[in-house]
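Lettering of chains follows the sequences in order, A, B, ..., and the numbering in each one begins at 1.
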Amino acid sequence: MTSSKSTIDILVALDKESISTHEAELATQGIIVYDQFMLKERYYGDRFLDIPLIELAEKHGRERVMANTVAVGAVLGMLGLGTDIFFGIIEDTLNKKGSEIVKLNKDAFLAGYEFAVKRCLQCAFTVKPQNKPRMLIGVNEAIGLGAIASGCKFYSAYPMTPSTGIMLYVAGKAKEYGIVVEQAEDEIAAINMAIGASYAGVRSMTGTSGGGFALMVEGLSLAAMTETPIVIALAQRPAPATGLPTKTEQGDLLFALHGGHGEFPRVIFAPGSPEQAFYLTNKAFDISQRYQIPVFILTDQYLSDSQWTEGDFDINKFVHKDYRIRGDSLEAIKDYRRHAITEDGVSPFGVPGTSTRLIITDSDEHDEEGHITEDPEIRVSMVDKRLFKKMGLIKKEISPPLFYGDEKPDIVLFGWGSTYGVMKEVVDIISRHYKIAMFHFSEVFPLPSTEMLDYIGILRGAKKTICIENNATGQFSRLIKAETGYEFTHHINRFDGKPFFADLLARRIDGINR
Amino acid sequence: MVSIDDFKGKTPAWCPGCGNYSILRAFKETLVELDIAPHEFTIVSGIGQAGKFPHYLRCNTFNGLHGRTLPVATGIRLANHRMPVIAVAGDGDCYGEGGNHLIHAIRRNIGVKLFVHDNQIYGLTKGQASPTSMEGVVTKNQPFGVLSGQLNPIALAVALDCSFVARSFAGDIIHLKQMMKEAINHRGFALLDILQPCVTFNKVNTYEWYRQRVYHLGDNYDPKDRISAFEKSLEWGERIPIGVIYENKRQTFEERIPVIKDRPLIDHEIFTEGWRNSLQKALDEFF
Ligand SMILES: Cc1ncc(C[n+]2csc(CCOP(=O)(O)OP(=O)(O)O)c2C)c(N)n1
Ligand code: SF4
Ligand SMILES: [Mg+2]
């Protein structure tokens, strides 16, 4: 499974409200677990499983609070998952509290487990056992880990849901990996601090959500003008303004693309899973250092607040290249100029204080040395260097989208970022009925060239092309049209604050094709 | 040994007679006397007449945005606290647009030295009121006179327990040099507010006006006493004290961050064999 669906298989109701709110969402085979003594109410019918959670807790776990453990036991029993995994976890986490506590937890768990195995006759769930251990990881952690493993040494941010998890993860590892994490007084300070640290020679990053990014845009433009590398994680949530702080939306693609005054190069990545986030964070750091530009990692609340099981991540695939010039190598450049005009537009990235060379830069237009100027010729050559020369090269770094499904599809699903999992699942669900395929973009700007994978050609060859976006206006669709001229035949947009669910999305696509 | 010529930069475009010239001269002489070479420190400046300061010098320079000198300077210090970092800003730059950053830089006690060229006016944008303009002063943009109260940066800094608070006057180079030296040598954040006549747009606070009022704090004054510092900080009008008004020995931010206490961040090597091997542990935690 790579996405959420709209229905619930097992609902553990610890109060009556949980039943009244969620009963309608129960799957056909779904079951509601409750305790008639806890809820002081009896429910009738096949879909209700009455388990004496409190009684079993008091009897086997000695205390009422153990009802939670009994419930976990019941769920695992219903799923037929065995007791080993849970026992292992209990031992790992509760060992500090002594063997007595471990035993009580195990007994309570077992009571729930056995009860469910005996009584849940209509339980038809099967869960495939995993033969190899897998990671349990969220996107914010994957970005934080990716940043640390890319040599990030400085993270400054102002807390804002749903981006805060990245800062929390990095802060938790600050001591071990030697990272300075600073909670800035506001987002303006956050990005300016990161730019300062980056100028001084350490890899730096900031993270925020739409409202905070609105405060950062002047700093973004500063990073561009001073050619100071920076990585910005932008975790989207529904806006305008404070919007729906704990819900999801893909509403800031065009904001990330156009934010900041003036014209300058930037790169935007939009991972669709922790695995993509991990590797793209490394690519973000590498490209940002190499071309001395801002690079975005765009996520959203759905991605940020979910946990995935993933196979192993391989750090050996990371690019670990140091583009800085320091000490003797900097000293050796006789006529060092921070913004020297070079063939590829990239000037030597000198680090101040490591040699007698001076590192000078300016938010005003500047000459090669870095000093303020209004000379029109220098202005034009700087724009040429900063923007045009670099942009051509950066475009070559961008990987093609992921193509999945029928090779010559009639229907093409098109999306970016967090819709990766749900689109893939939908392709699997409806490929029995249709010749269907999907394109998923995790590198969204600049758009990948069509040389390696002619996605525009495949779109043109299909009968129905559906751009699926978690926003109201189809921002990616507009970007595709602006850059390639291609117009989708259909759009599916969701902007009620919820992610797409595989079953509902499949139905909508089915509807389009009927 | 460094000499004045080592710091020769572009020819300043300031108006003849501008107080910035003497600040520039005082600064160069201070560097020579402290024997600090151009590559050994960094100036972060904002936007305004004061913001152009580093271009008229020769040194590592980050001329950033209007109001944002302190966050950039803080980032540089956190990356490399072996390097002296001096923030140069105007009164509008630092007390207006970037006021919030001042409060928090003082709270952190980050080892940045902030020199404010306080001309009590917006010079670059041609004469609007600044936060330190005196109440009632009429400008083209304030035809009814300045209605808001005058910001008192010295009192603000003392209230925040700033570890070094001083005022000097561009018309008293010897004093100014002394204050610059003490600020640079101070451990922790230093605020040096420099009264700087703007001969073109501030017709009230002229050289003459300042000369009649400023006086040196004598040897009897104890800058370590916070209550008397408060009292001193409130003096403005007929008499304006210059000198170190308040000083304390609070620990610096850099000293309190365990990660960089012993070694600046810039010295932490990345991409080494040992560093790469250490990463696996963080990955394994997810299994
Ligand atoms: C974000 C932003 N707002 C406004 C300006 C325009 N601006 C440039 S300098 C300045 C004020 C200058 O006053 P001050 O900081 O006191 O410096 P001075 O010129 O007096 O030295 C203003 C408003 C700007 N550059 N950036
Ligand atoms: S306008 Fe005022 S501050 Fe600016 S250069 Fe002229 S005198 Fe100096
Ligand atoms: Mg001013």
Can you tell which part of B:Ile270 gets under 4.5 Å to a heavy atom of chain A, answering side chain, backbone, both or neither?
-> side chain

Tested for side-chain contact (heavy atoms from CB on, under 4.5 Å) against B:Phe286, the lone hit among A:Leu136, A:Thr309, A:Asp312, A:Leu145 is A:Leu145

Please step through side-chain contact (heavy atoms from CB on, under 4.5 Å) for the pair B:Leu283 and A:Ile315, ending with a clear verdict.
-> CA-CA 9 Å; B:Leu283 252 176; A:Ile315 288 176; 3.5 Å; yes

Drop me the distance from B:Arg68's CZ to A:Leu222's CG, to the nearest 0.5 angstrom.
-> 10.5 Å

Search all heavy atoms of A:Ile148 against all heavy atoms of B:Trp275 and return the closest pair with its distance.
-> O-CZ2, 3.3 Å

Could you tell me which portion of B:Tyr56 (side chain, backbone, both or neither) has an atom closer than 4.5 angstrom to a non-hydrogen atom of chain A?
-> neither

Would you indicate whether A:Tyr158, at its atom OH, is surrounded by more than 12 heavy atoms from other residues, nucleotides or ligands within a distance under 6.0 Å?
-> no

Would you check, one step at a time, whether the test salt bridge (charged side-chain N to carboxylate O under 4.0 Å, His left out) holds for B:Arg58 with A:Glu369?
-> CA-CA 11 Å; B:Arg58 260 190 85 248; A:Glu369 230 177 303; 5.9 Å; no

Does some side-chain heavy atom of B:Lys281 sit less than 4.5 Å from a side-chain heavy atom of A:Lys173?
-> no

By a 4.5 Å heavy-atom criterion (distance strictly below it), what part of B:Arg108 contacts chain A: side chain, backbone, both, or neither?
-> side chain

Could you check if a side-chain atom of B:Leu279 sits within less than 4.5 angstrom of a side-chain atom of A:Tyr177, using non-hydrogen atoms only?
-> yes

Could you check which of B:His66, B:Lys10, B:Glu40 has the highest count of heavy-atom pairs closer than 4.5 Å to chain A?
-> B:Lys10

What closest approach, in Å, do B:Met83 and A:Gly353 show between heavy atoms, and which atom pair accounts for it?
-> SD-CA, 4.0 Å

Could you look at A:Glu182 and say if it's the side chain, the backbone, both or neither that has a heavy atom under 4.5 Å from chain B?
-> side chain

Taking every non-hydrogen atom, the tightest pair across A:Gly201 and B:Ile266 | O-CD1, 3.5 Å

Exam field: side chain A:Ser363 to backbone B:Gly64, donor-acceptor pair closer than 3.5 Å = yes

What residue in B:Leu65, B:Asn100, B:Ile103, B:Ile257 has the most heavy-atom pairs under 4.5 Å with chain A?
-> B:Leu65

Side chain / backbone / both / neither for A:Ser355 at chain B, heavy atoms under 4.5 Å = backbone

With a 4.5 angstrom heavy-atom cut-off, could you sort out which part of B:Glu269 is near chain A: side chain, backbone, both or neither?
-> side chain

Considering only heavy atoms, which portion of A:Lys153 lies under 4.5 Å from any heavy atom of chain B: side chain, backbone, both, or neither?
-> both

Considering only heavy atoms, which portion of A:Ala189 lies under 4.5 Å from any heavy atom of chain B: side chain, backbone, both, or neither?
-> both

Verify the neighbour count for atom CZ of B:Arg187: are there more than 12 heavy atoms of other residues, nucleotides or ligands below 6.0 Å?
-> no

Could you have a look at A:Asn316, A:Thr356, A:Val180 and say which one has the most heavy-atom pairs with chain B under 4.5 angstrom?
-> A:Thr356

Can you see which heavy atom on B:His268 is nearest to which on A:Gly178, and at what distance?
-> ND1-O, 3.8 Å

B:Arg25 CZ: over 12 foreign heavy atoms closer than 6.0 Å | no

From B:Asn63 atom CG to A:Thr361 atom OG1, the distance as rounded to the nearest 0.5 Å = 8.5 Å

Report the distance from atom CD of B:Gln280 to atom CZ of A:Phe313, rounding to the nearest 0.5 Å.
-> 12.0 Å

A:Arg338 versus chain B, the contacting section by heavy-atom distance below 4.5 Å = neither

Check the pair B:Val44, A:Tyr199 against side-chain contact (heavy atoms from CB on, under 4.5 Å), reporting the backbone distance first and the verdict last.
-> CA-CA 11 Å; B:Val44 180; A:Tyr199 161 85; over 6 Å; no

Closest non-hydrogen atom pair between A:Val202 and B:Ala79, with its separation | CG2-CB, 3.8 Å

Under 6.0 Å from the CG atom of B:Asp35, do we count more than 12 heavy atoms belonging to anything else shown?
-> yes

Mind ranking A:Arg357, A:Arg324, A:Lys175, A:Arg134 by heavy-atom pairs under 4.5 Å with chain B and telling me who comes out on top?
-> A:Arg134

Can you tell me if A:Asp186 and B:His104 form a side-chain donor-acceptor pair at under 3.5 Å?
-> no

Chain A: which of B:Ser278, B:Ala282, B:Gly75, B:Gly51 shares the most heavy-atom pairs with it under 4.5 Å?
-> B:Gly75

For the pair B:Phe271 and A:His320, name the ring-plane relationship: parallel under 30°, tilted 30 to 60°, perpendicular over 60°.
-> parallel

Most contacts with chain A, counted as non-hydrogen pairs under 4.5 angstrom, among B:Asn80, B:Leu70, B:Leu78 = B:Leu78

What option among A:Thr226, A:Ile191, A:Ile195 has the most heavy-atom pairs under 4.5 Å with chain B?
-> A:Thr226

Distance from A:Ile179 atom CD1 to B:Ile260 atom CD1, nearest 0.5 Å?
-> 13.0 Å

Is the closest side-chain heavy-atom distance between B:Phe62 and A:Ile360 below 4.5 Å?
-> no

Option in A:Ala197, A:Ser156, A:Pro133 with maximal non-hydrogen atom pairs under 4.5 Å from chain B = A:Ala197

Closest non-hydrogen atom pair, B:Thr42 against A:Pro352 = OG1-CB, 4.2 Å

Using atom types as modelled and distance alone, determine if a side-chain donor or acceptor of A:Asn192 lies under 3.5 Å from a backbone N or O of B:Val72.
-> no

To the nearest 0.5 Å, how far apart are NE2 in B:His39 and OH in A:Tyr336?
-> 15.0 Å

Which atoms of A:Thr354 approach chain B - backbone, side chain, both or neither, heavy atom under 4.5 Å = neither

Of A:Val351, A:Asp322, A:Ile188, A:Asp364, the largest count of non-hydrogen pairs under 4.5 angstrom with chain B goes to A:Ile188

